[in-house]
Structures are given as structure tokens and as C-alpha cells.
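First up is the structure itself, then whatever we jot down about it.
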Number of protein chains: 2
Amino acid sequence: MTRSQIEYILALAKLESFGKAAKACFVTQSTLSAMVAKVEEQIGITLFNRKTRPVSLTPQGERVVKVLKSIYREYQVFDEVVNEIKGYDVGDLSIACIPTVAPYLYPLILNEMSRKHSEINFTIHELTTENIIEEIIAGDIDVGIVSIPLEHEELKEYDLYVEDFLLYDCGNTSKSSKFKVSDIDLERLWLMEEGHCMRNQVGKICELRQLKKINGNLTYNCGSIFTLIEMVKMNKGVTLLPRLALANNTQIQEHNIYNILAPVPSRKIGIVTHKNYVKKGMLSDLIQIIKDAVEGFLPKNTSEQAIFKPLR
Amino acid sequence: MTRSQIEYILALAKLESFGKAAKACFVTQSTLSAMVAKVEEQIGITLFNRKTRPVSLTPQGERVVKVLKSIYREYQVFDEVVNEIKGYDVGDLSIACIPTVAPYLYPLILNEMSRKHSEINFTIHELTTENIIEEIIAGDIDVGIVSIPLEHEELKEYDLYVEDFLLYDCGNTSKSSKFKVSDIDLERLWLMEEGHCMRNQVGKICELRQLKKINGNLTYNCGSIFTLIEMVKMNKGVTLLPRLALANNTQIQEHNIYNILAPVPSRKIGIVTHKNYVKKGMLSDLIQIIKDAVEGFLPKNTSEQAIFKPLR
DNA sequence: TTCGTGTCATCGCTTTTTTCGATAAAGTTA
DNA sequence: TAACTTTATCGAAAAAAGCGATGACACGAA
């Protein structure tokens, strides 16, 4: 059982096609077919069902592939360690971030990351929490930036910062500048569309009182936070915006931003990786860069305020 | 980097000799030498210092070997899973147990284990906690039965049972049959010799009052619990014996055994394995067999009494 | 049914890798 | 220095991995 054989099997399990897997592994289809067959023969277990279209894993194959993934991961660790010993700072790093954080966080950190690690190929994604979890487990993404805690079995979480929400009300008629969560007019509340954790966060904050209304005919689901802001602006609506959305942002009319009185709603943003992840050096560096980058934009001491767990 | 190359390097790191490592891997010395050299060349890191006698790991080698051990472990998991899928119940299982538990526990479980898993080769050891930890980390022993908690970074613990201590006093002159720990006559107290965790357990129980006395000229260190019992008997001494020592034991004169009033001193016995250990099926089976075996011998509800952490 | 098409398996051959035995080189001990 | 032990190297042989071409098979369209 060689490392390449493991890679062939994992590629086949993922791509569900001998041809595609072969291409991905830079060998011919015949080689990959022969190698997979050879492993199956050696261990005496049929891993793939070739009669289905596309090719599928047998139940036994599922179990074996799971273990092979672990071996593969350890090999990756090995590569990392070798590179680290040799003082290299090379390889790939793919980062995914939820859409309500990405547009405000990425600009703050990407330049510094790419400058500090000029030999690393960074790949940036903007995905929902759900997709980030999937991709991390599949091994396609190294680190995710999401609202924590997720408390997922296969993942490991690292704190980044606590971000408070501000009230963005473009139809405020009262002269008061002090608002409580309970003052929010649910009739004019706008939310991100389903699948975005901020929908759940904001939904939860305003919840409890009358959750049904949120899905009522007055709410429109926005696919991006920019759209959300625009919709609120145009319709004299109201929503909660995370603090970082305010930084360096010309889209938002500042006079429509209101602080919320305690308990200030907030969310905790953190990094998640696979529990066996090991680009430790890179990870701790990334964490530090993010912490430094957001420091000036966030109020102090928000850490112990109400924190909402995303539902998805 | 093949699996065998990893095995060669690990063998060499362990045996510190190309010849011995080659023998252990069932290849010639030239093959092993060439393969190790080849890996070193491929990764561009010198792993071994050949000028020292015996051969030693370079600092970089230490780091690499650590990772290779992880890969090797995962390969072992792979083997396990393959065997499990194929319904085999084969392989080896080496169990180590502390000396104050071994003579009473092993007889209760070994027959059943070997009967249930007739194709497994069991190896039994009697070692101190310290040695068990070392051997588990080295990978030479699969499971250890010790007094827990150890809270060791590399190990994982599983509860087995809580065992209370009884007073064994061969020179009791008072007519009372009710004793408290504080009644123990330190002048006549006998302990296991250094290195046995029961020395620390019993020492701790009687401690605090006058720890110095324990190492005074009236205490003699016994290397086995049988010797300890004999010495106490012969010298009208006193000691604490774990409950299981009483079961099926003709050595102890029962009229010299006294219950101790609450708080009843006790120790928690558990299984420890390497944190990445995976003969899961075998392990859970072993745990169940042990729990069943000792159940009749132990009093109920001792679980939440004073538990003493072994110092070594 | 039959034909085409896409997909995987198989065959013979080449290249690469692993292993061996023998021997050279290096290091250690007496 | 000689004798001995240990590791490195060499050429040959055996094993394994890879390739291209072709065969086998399933599936849908004619």
C-alpha cells in the first residue's frame, strides 16, 4: 500500500470516475484502474462498485476510505514538517469565510498574508457555514472563518474576536438615539436569506417575541449583505449589522446607525479547521493577523456579552 | 515514501543499528541502509547521525520520526479495519498491569479473553505505572491497567472500577472492629517499595499527619504485594490492602482484616491506551470483561468516595 | 435488435524501484 | 596495526508501477 495508491483511491472515491481520477492524479486510466484493483485484491475487500453509474463506494469501501483519509492527512503533516524543517514557507492555503464577514475582513488581511508568505498560494472562498463545514471535512478547504461555536465533532475552533451588532434603521421617526433590541420594528425588519448564519443570529436576537413574523410577508431574503443594506435603505427598513460592516464602508449612511443598549447583541467569530489540521505555523500567523487587523474597529470588552449560536 | 520505508526508519530510530533494524524488518542491511539513505535524499534532510555509536537521530530526525510514527499508527488502524471488515479477530494484544492489581485481576479475566478471542496472541506484563506509560508511548504495549487518573498528554483513560482499601492489622490489640484512617499506627505501617503507585496511594491516605515517619526506620519496602502481606503478618504490622487482594486469597488471615470507616480510602483502576489507539472492538470487550469479573468482589457505590491520584 | 458511445478492465511492454549478495569503506577495540 | 564490527556502495535480479492499445461491458438512441 503506497502513498500514491491511497491517493488514487481517494481521488476515485471523490470523483466517482476512473478517468477523472486518473487525470487528477496525473496517470493514465489504465494505471489507476490497475492500482485500485491491486489494492482491492491485496486487502481482499471490494472497495468500489463499478456497475453503478457513476462508480460508487461499497459499504466496506466507505469504512476503508475513511481510514485512508487519515493516513493521507498524516502524510500531509509529514510534508508540512519537512518543509518547515527546511525553512520553506510554501504550499497552498485555502480559506473560506461566511458572506457577512468576508467582504469586510478579507480586505483587512489578504495583503498582509500574501506579503508575509509570498510563496504560499492562497485561495479565497465565500461560503455559508454549512458549506464550509462540508469542505473542511472533505479536505478541500484548510481553514474556515465562521460564527462560533459550531461544536462539530470533526472540527477544531479557535477564537478570533467578538463582534457586536448595530442597529441600521433608515426609517426611524423617534428622536431617541438609544435603542433596545425590543424596540426593533419587526414589521420593517430585513434579514439575510436562509442558509446564512447571520439570518439566524439576527433572527434569534429579535426572536422570542414573535418569531413567526420574521418569515412573514414583510421580510425579504437577501443573498448578500450589500443587497441587504440597499434594501433596508430603499425601503426605510431596519436590520442589525455587524460592527465590521461599518468600517471603511461608504455604502452605509452613518446617521442611520444606532447603538443598542445592553445587553448588546453580538456574535463570536472564529477559525475552524479539521481537528487533525496541522499547518500550525500558518494558522497561528493567520489568527494573529486577523486579531491585529480587526482590533481597531471593535469596541473593547465585548467578549462576555450575549453571544448567539448560529443554527446552521 | 512507502510504508516499508517508514518501518525501516522507525526500526532504525528504535534499535539504533542498521543491522538490527534490518533483521527486525526482515530485509538485508544493505537494503535498509539504501532505503534510509534514499528517503533522506528525497526529503533533503539527514535523519540519522551515523558517526555516533550507536546510531542516533538528528534533531530534525526526531521531528520527522514523530510524524512518521503517526503515519505508521494510521496504517495500523487501516490493518485493523481491514481485518474487522473481513470478520477476522486476529493479531496481538499486549496488556500491562500494575503489580498490586495484576495477581488478583489477571486470573479473573485471562481465561475468558483467550477463550473469546482464540486467534489473538495475548502478552501479559506486570509493570509499574511509570514503565507502562513508557511502553505504551513506545508502542510496545497496547493497553495498561493502572490507577487513574494519570492525565497524561499522550494517553487516553477509561474507567474500570473503584476499589476500596481495607485495613490489614496483624497486631491489633484493641477489641474494636471499627477503624478510621487516623487510627493507623504509623510505627507499624508497611508499604510497597518506591516505584509502586500503591506506596503513594497508601502513603497519601495515611499522610499529612506525619509523612516523614513512613520513610523512617520502621518501614520496610516490599517489592510485591505478597511479600508485603507476609511481612505484615510476621511482624504484627499493619497496612492497607486493596479489596481485590481479599478475593480468593488464602494468604490473608481474614480475622486481621478490618473495614475502615468513612471516608473510606479507595483508588480508581482504569485502562489507559495511547490516545490514537484503535483496537476499539478488543478494548471495549476487555473493559466489559473486567467490569463483569470484578463486580461481585467490590462493594457498591464506592465510586464517589475519596480517590487518590498516584504520584508515579 | 443493433449500433454507437462512454467507461472500465486487460494485455504486453518499458521504466522505475526495491531487494539481494558481495564487497568496500569507515569506525572501534585490542 | 590488526582484528572486528558496522555502514555504504555496486551490479544484478526481481518486483512494481506506469503506459498505450485494445477488449469487454453497459446504456441509450435509432
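All values below come from the heavy atoms of this structure, side chains included, with hydrogens, waters and symmetry mates left out. Naming convention: chains lettered A, B, ... in sequence-line order (proteins, then strands); numbering from 1 in each chain. Here the structure is a predicted model, which is why all the values come from computation and not from measurement.
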Atom [atom1] of [X] to atom [atom2] of [N]: distance rounded to whole Å?
{"X": "A/Lys23", "N": "C/dT7", "atom1": "NZ", "atom2": "P", "value": "10 Å"}
{"X": "B/Arg3", "N": "C/dT19", "atom1": "CZ", "atom2": "P", "value": "14 Å"}
{"X": "B/Met35", "N": "D/dT7", "atom1": "CE", "atom2": "P", "value": "17 Å"}
{"X": "B/Glu7", "N": "C/dT19", "atom1": "CD", "atom2": "C1'", "value": "15 Å"}
{"X": "A/Ile9", "N": "D/dA17", "atom1": "CD1", "atom2": "P", "value": "12 Å"}
{"X": "A/Gln29", "N": "D/dG23", "atom1": "CD", "atom2": "C1'", "value": "12 Å"}
{"X": "B/Arg50", "N": "D/dA8", "atom1": "CZ", "atom2": "P", "value": "4 Å"}
{"X": "B/Tyr8", "N": "C/dT19", "atom1": "OH", "atom2": "C1'", "value": "8 Å"}

Can you tell me if B/Lys66 has over 12 outside heavy atoms packed within less than 6.0 Å of its NZ?
no

Check the phosphate of [N] against [X], side-chain N and O only, distance under 4.0 Å to OP1 or OP2. Yes or no?
{"X": "B/Ser17", "N": "D/dT6", "result": "no"}
{"X": "A/Gln5", "N": "D/dA17", "result": "yes"}
{"X": "B/Ser33", "N": "D/dT7", "result": "no"}

For B/Phe48, answer base if it contacts any base atom (sugar-phosphate contacts may also be present), sugar-phosphate if it contacts only those atoms, and nothing otherwise; contact means non-hydrogen atoms under 4.0 Å.
nothing

Which residue, A/Thr28 or A/Lys51, contacts DNA chain D at a nucleotide closer to its 5' end, judged by nearest heavy atom?
A/Thr28

Pick the nucleotide of DNA chain D nearest each of B/Val55 and A/Gln42; which residue has the one closer to the 5' end?
B/Val55

What do the steps show when you test A/Ile136 against A/Tyr277 for side-chain contact (heavy atoms from CB on, under 4.5 Å), and what is the final call?
CA-CA 10 Å; A/Ile136 289 178; A/Tyr277 185 75; over 6 Å; no

Would you mind checking if A/Glu74 and B/Arg73 are paired as a salt bridge, meaning a charged N to carboxylate O distance below 4.0 Å?
no

If the threshold is 4.0 Å, N to carboxylate O, is there a salt bridge linking A/Arg50 and A/Glu40?
yes

If you check the A/Lys38 side chain, which of D/dA8, C/dA9, D/dA16 turns out closest?
D/dA16

Between D/dG20 and A/Ser30, counting only base atoms on the nucleotide and side-chain atoms on the residue, is there a donor-acceptor pair under 3.5 Å?
yes

Under a 3.5 Å threshold, yes or no: a donor from one side chain and an acceptor from the other, between B/Asn131 and B/His125?
no

